[in-house]
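For reference, the structure discussed in these notes is given below.
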Amino acid sequence: MACQSVAVVMDEQALLGLNPNADARYRQRAIAYFEQLKESQDAWEVCAEALAKGIYSDDHVKFFCFQVLEHQIKFRHCSLSAVQQQLIRETLMKWLQFQLMNTQPEKAFIRNKAAQVFALTFVMEYMTLWPKFFFDILSLVGLNPHGVDIYLRTLMAIDAEVVDRDILHTPEETRRNTLIKDSMREQSIPSLVESWFQILQTYQQSHPELTCQCLEVVGAYVSWIDLNLIANDRFVNLLLSQMSMEELREEACDCLFEIVNKGMDPVDKTKLVESLCQVLQSAGFFNVEQEEDVDFLAKFSRLVNGMGQSLVLSWTKLAKTGNVKDAAETLQAVEAKVPLLLQLLVHEDDDISANIVGFCYEYLHVLKQLPQLTDQQKANIEAIMLAVMKKLTYDDEYNFENEGEDEAMFVEYRKQLKMLLDRLAQVSPELLLEAVRRVFTNTMQNWQTAPFMEVEVAIRLLYMLGEALPAAHGAHFSGDTAKTSALQDMMRTLVSCGVSSYQHTSVALEFFETVVRYDKFFIVEPQHIPGVLMAFLDQRGLRHNSPKVRSRVAYLFSRFIKTLHKHMNAFVEDILTRIQDLLELTPPENGFPALLTSDDQLFMFEAAGILIVNSESPVERKQALMRSLLTPLMDAFRLLLAKLPQETEEERQTALADCLSHAVGFASRTSKAFSNKQTVKQCGCTEVYRDCLQAFLPALSCPVQRSMLRSSVRSFLHRMIICMEEEVLPFVPAASEHMLKDCEAKDLQEFIPLISQITAKFKRQVSPFLQQIFMPLVLAIFEVLARPAEENDQTAALEKQMLRRSYFSFIQTIAGSGMNEVMANQGAENMERIVFTIIQGAVDFPDPIAQKTCFIILTKLVELWGGKDGMVGFPDFIYKHIVPACFLAPLKPTFDLSDAQTVLVLSECALTLKMIHLKRGLEFIQFLQQEYLPSLQVAPEISQELCQVLQQPDVKVLKNYIKAFFQRGKL
């Protein structure tokens, strides 16, 4: 034996560091010692001997020894000698023998670790060195409780290693696991099942915790072993008897659930479920209302759900194969479970109810497929509807102001109920509409005296009908008369019965959500608009005492205005007057809390803009209204901008910069009402936005909080290019000059889309400006990219990658807009430098998105300058640099041809070669055949093949060929 030559001498000082309370020095020493034992050829054997002889009583040392053993088995098993492998087996069995003799069991964490080590050894050796693994353990353990505990834990650890589908395995491990399971089925499973039966029977009274463990094992293994070993009278009767034992019933329920879930023949499954149900029913388990243990009922509900879904699946399979008789019997079995389903669905405990939703959903799906419904089935649908409506209701304990975990769980549960409601609508829309109408009408008649939860759920149901009974583009009030008149009646009641005054946040929110969901109702009945507008504008909406309501209403108000702006003409100025204080910029020194946050105010400014622009007022009036909306912003902006550089405190500076950004954002949001320059001109608003630009642009030269200010002004410029078109151009050069000063990667990356937008929109119009800004912008990019960064700074690396992409897409925009003079007029030296960066981007950086852009640019440049009358010297550049790039990039080890993005790069690369052939013709073919391809050691016949494909008109053939060409080249 290897261990006889090793005296058990462990580094006692290092072992002291295993104690969680040990100081750092000892802990470091313990870690180093662990590494030493792990990596040594045989030093780990001291741990094996310590476990086999029970030398240490300290739990942390025992755990440590198992960890060392675990490492050997997991990572070094193949390199261990036969003697060492035998040592591990003997160690485990000796340790197990100690457990049988101990009066006290080991701590749970040690038993779990031991079980893991047993399981790993099993996985490594069961098929070869230790086929009697289970026999040896069962022979040793017998029915000793300590031993049985380790045996059951080991079985669960084996399940985790070999069976558990939630754990990812390599294909090799999956093959190995399949072989292990096959071998276990043949050799071990019958004796394991017998041991489980003995354990369940022996310990159900004396050791309920062991019985529960064993039930968990049965549940885990039943999915892949022969079901007849478990689903027989002897075993099932034992499980059913344990359903009546308080300490075992939950685990027994879970075990039965796993048995029911096992895949099998549909007729057999129906028989199994029905026999189980019969016994459960006669034992009184179906009398749900008499059961007080909600934890057990939640498990029981899950079991019933499993049985119901299994029956539905059997029915589906039988109906598909045309087995009419068995399908009818299975459907009858499903129907027989509905009364129990309803009891569980309507149970006051949401967990119990949630666990049965799956079966309920599947049952409704079955009804949807039936050609005709019986009276009983219709009654079932109605009962499910009433149950869903009842369960949608909030309870008294729901905390609306401070929503925690319980509230989040109820919101999730409500989503499940919504799925049921949607399914009910598919099965019987008329029934659902009628049921909601009844509940809604009754509640709205008595809303003043009804509890908030009843009022909320009544409005909520009306809201939910919008999705349950869908209509194209929200046209709920045209088409099917029965539906439209019912919805119209309910909406009329909602907006005229006064429920908007109900003093509860949930009701207020539901009211406004529903009004906006059915905003098309007000096109049909516009007489209700003034009343609803007042609700939006007073203490029921935007001035509600709850910030949550105010915030949501601000968004909903902008949606309402957007849809109904054509009906708002009579109210525009009144609305603007009433919301004036909500449109004020709140400076940071103002100590009063604002009614709305700055994000909420964005919606208010958008609504104000829409009202002004779409009103029927004369142009002068629109202009005056827009100016009165924007002038306070400009004035406040100038004041705050003057203050900002004088502030010394960082926090105060940030607050001021924030406020300045909000001002720009608000002005920008008002312009959302315009779709283009034409609408701005028609409203006479060009001048006021020009004034805004003049007010905001000085912020670009502010020496502090530069990034935030630049970002907001840049966004405003983007909007103005859409709204004012060429009117914006005089402002762009100065703005660009400021934005290129002292900039970071992120600043440049955000600035480039602005220049690209201007280039794409105005093309030749901005050519002089682009020629002027081109090199300063490019040099600023080069400078930022050249800055040194920490090797492990992922953020800096990502920022540079994004900037590189932005740079290439900018060059692509210039080239693609047909403004080759912008680059051509930068001088030969600059021009060469830029084109070299594109070659570099195509070849050197393993970033497929950038590489693709670079090849698109190269194709465009060849098209522009590669012909007979192209740029002087460019053909030479093509042969020296562009052609090599087309071959060197795909040959790089980082060029992954199995990656979809990289394949797109290769397609662009093929298009570049095609363009060179188009422009240079036979000269290019000769260059490839006589010079370039021989220099890459490409065989003449392959070289000729490639050149033939290049000369074919079909680009698709070239793309496919190029891929195969480089796949061969990489072998």
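All of these numbers come straight from a predicted model, not from anything done at the bench.
Residues passing the side chain to side chain contact (heavy atoms under 4.5 Å, CB included) test with His365 are Gln369, Arg423, sequence neighbours excluded. When the salt bridge (Lys or Arg N to Asp or Glu O under 4.0 Å) test is applied to Glu291, the partners found at least two apart in sequence or on another chain are Arg249. The salt bridge (Lys or Arg N to Asp or Glu O under 4.0 Å) search around Arg111 returns Asp149, not counting sequence neighbours. Looking at residues two or more places apart in sequence or on another chain, you find a side chain to side chain contact (heavy atoms under 4.5 Å, CB included) between Leu367 and Glu335, Tyr363, Leu364, Leu370, Leu373, Gln377, Ile381, Val427. The side chain to side chain contact (heavy atoms under 4.5 Å, CB included) test applied to Val439 returns Met389, Thr443, Leu461, not counting sequence neighbours. Residues meeting the salt bridge (Lys or Arg N to Asp or Glu O under 4.0 Å) test with Lys271, sequence neighbours left out: none. By the side chain to side chain contact (heavy atoms under 4.5 Å, CB included) test, Pro208 is found to be paired with Glu247, Leu248, residues two or more places apart in sequence or in another chain being considered. Under the salt bridge (Lys or Arg N to Asp or Glu O under 4.0 Å) criterion, Glu329 pairs with Lys325, not counting sequence neighbours.
Counting only residues at least two apart or in different chains, salt bridge (charged side-chain N to carboxylate O under 4.0 Å, His left out) contacts with residues 497-508 are absent. Residue pairs meeting the ring-ring contact (aromatic ring centres under 6.0 Å, His included) criterion with at least one member in residues 215-256, sequence neighbours excluded: Trp196-Tyr221, Phe197-Phe235, Tyr221-Trp224. Residue pairs that meet the salt bridge (charged side-chain N to carboxylate O under 4.0 Å, His left out) test with at least one member in residues 342-365, sequence neighbours left out, are Asp350-Lys391. A salt bridge (charged side-chain N to carboxylate O under 4.0 Å, His left out) check over residues 220-236, counting only residues at least two apart or in different chains, returns the pairs Glu194-Arg234.
Shortest non-hydrogen contact noted between Phe603 and Ala554 is CB-O, 3.5 Å. Taking both residues in full, the closest heavy atoms of Ala425 and Ala468 are given as CB-O, 3.3 Å, listed atom of the first, atom of the second, then distance. When all heavy atoms of Val193 and Leu229 are compared, the pair lying nearest together is CG1-O, 3.6 Å. Shown here for His169 and Asp164, the closest heavy-atom pair between the two residues is NE2-O, 4.1 Å. Taking all atoms of both residues into account, the shortest heavy-atom contact from Leu272 to Ala231 is CD1-CB, 4.0 Å.
Contact of the Met264 side chain with the Leu227 side chain is registered, since non-hydrogen atoms from C-beta on lie closer than 4.5 Å. For the pair Gln539/Asn545, no side-chain contact is recorded, criterion being any heavy-atom separation below 4.5 Å from C-beta on. For the pair Leu155/Asp159, no side-chain contact is recorded, criterion being any heavy-atom separation below 4.5 Å from C-beta on. Counting heavy atoms from C-beta on, the side chains of Val163 and Asn177 never come closer than 4.5 Å. Considering only heavy atoms from C-beta on, Phe359 comes within 4.5 Å of Val334 through its side chain. A heavy-atom distance below 4.5 Å is not found between the side chains of Thr505 and Lys548. A 4.5 Å side-chain heavy-atom check between Glu173 and Thr170 finds at least one atom pair inside the cut-off. The shortest side-chain heavy-atom distance between Leu494 and Phe440 falls under the 4.5 Å cut-off.
Using modelled atom types, no side-chain atom of Thr563 and backbone atom of Asp519 make a donor-acceptor pair closer than 3.5 Å. Between the side chain of Trp447 and the backbone N or O of Cys497 there is at least one donor-acceptor pair closer than 3.5 Å. A donor-acceptor pair under 3.5 Å is formed between the side chain of Asn323 and the backbone N or O of Asp326. Proximity of a side-chain donor or acceptor of Lys317 to a complementary backbone N or O of Leu313 within less than 3.5 Å is not detected. Within the 3.5 Å criterion, the main-chain N or O of Leu424 finds no donor-acceptor partner in the side chain of Ser428. With Arg550 contributing its side chain and His544 its backbone, the two residues share a donor-acceptor pair below 3.5 Å. Side chain of Thr441 to backbone of Arg438: no donor-acceptor contact under 3.5 angstrom is found. Using a distance-only test at 3.5 Å, with no hydrogens or angles considered, a donor-acceptor pair links the side chain of Tyr518 to the main chain of Leu462. Side chain of Ser551 to main chain of Pro547: no donor-acceptor pair is present (N/O by atom type, distance under 3.5 Å, no hydrogens or angles).
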Q | Asn228/Asn232 under side chain to side chain contact (heavy atoms under 4.5 Å, CB included): CA gap, chis, key distance, verdict | A | CA-CA 6 Å; Asn228 293 320; Asn232 51 49; over 6 Å; no
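Between Phe512 and Phe536, the ring planes lie tilted relative to each other; the angle falls in the 30° to 60° range.
The local environment of CE in Met245 is crowded, with over 12 non-hydrogen atoms from other residues, nucleotides or ligands closer than 6.0 Å. Other residues, nucleotides and ligands contribute more than 12 heavy atoms inside 6.0 Å of the CD atom of Gln448. Heavy atoms of other residues, nucleotides or ligands lying less than 6.0 angstrom from NZ of Lys418 number more than 12. Within a 6.0 Å radius of CG in Asn446, other residues, nucleotides and ligands contribute more than 12 heavy atoms. More than 12 heavy atoms of other residues, nucleotides or ligands sit less than 6.0 Å from atom CG of Asp395.
To the nearest 0.5 Å, atom CZ of residue Phe300 and atom CE of residue Met243 are 6.0 Å apart. Atom CG of residue Leu432 and atom CD of residue Gln426 lie 11.0 Å apart, to the nearest 0.5 angstrom.
Side-chain N/O atoms of Thr330 and Ser314 include no donor and acceptor closer than 3.5 Å. A donor atom on one side chain and an acceptor atom on the other are found under 3.5 Å apart for Asn380 and Gln376. Side chains of Ser506 and Tyr394: no donor on one and acceptor on the other come within 3.5 Å. When only modelled atom types and interatomic distance are considered, Asn355 and Ser301 share no side-chain donor-acceptor pair under 3.5 Å. Asn305 and Gln309 are linked by a side-chain donor-acceptor pair at a separation below 3.5 angstrom, with hydrogens and angles left out of the test.
The salt bridge (charged side-chain N to carboxylate O under 4.0 Å, His left out) with Glu467 is formed by just one residue from the set Arg460, Lys415, Arg517; it is Arg517. The residue from Leu256, Asn237, Leu200 that alone fulfils the side-chain contact (heavy atoms from CB on, under 4.5 Å) condition with Gln242 is Leu200. Each of Tyr398, Tyr502, Phe400 was compared with Phe452 under the ring-ring contact (aromatic ring centres under 6.0 Å, His included) criterion, and only Phe400 meets it.
A salt bridge links Arg302 with Asp254: the closest approach of a Lys/Arg side-chain nitrogen to an acidic carboxylate oxygen falls below 4.0 angstrom. In summary, Lys299 and Glu251 do not engage in a salt bridge, as defined by a charged side-chain N under 4.0 Å from a carboxylate O. Salt bridge absent: Glu430 and Lys378 never bring a charged side-chain N and a carboxylate O closer than 4.0 Å.
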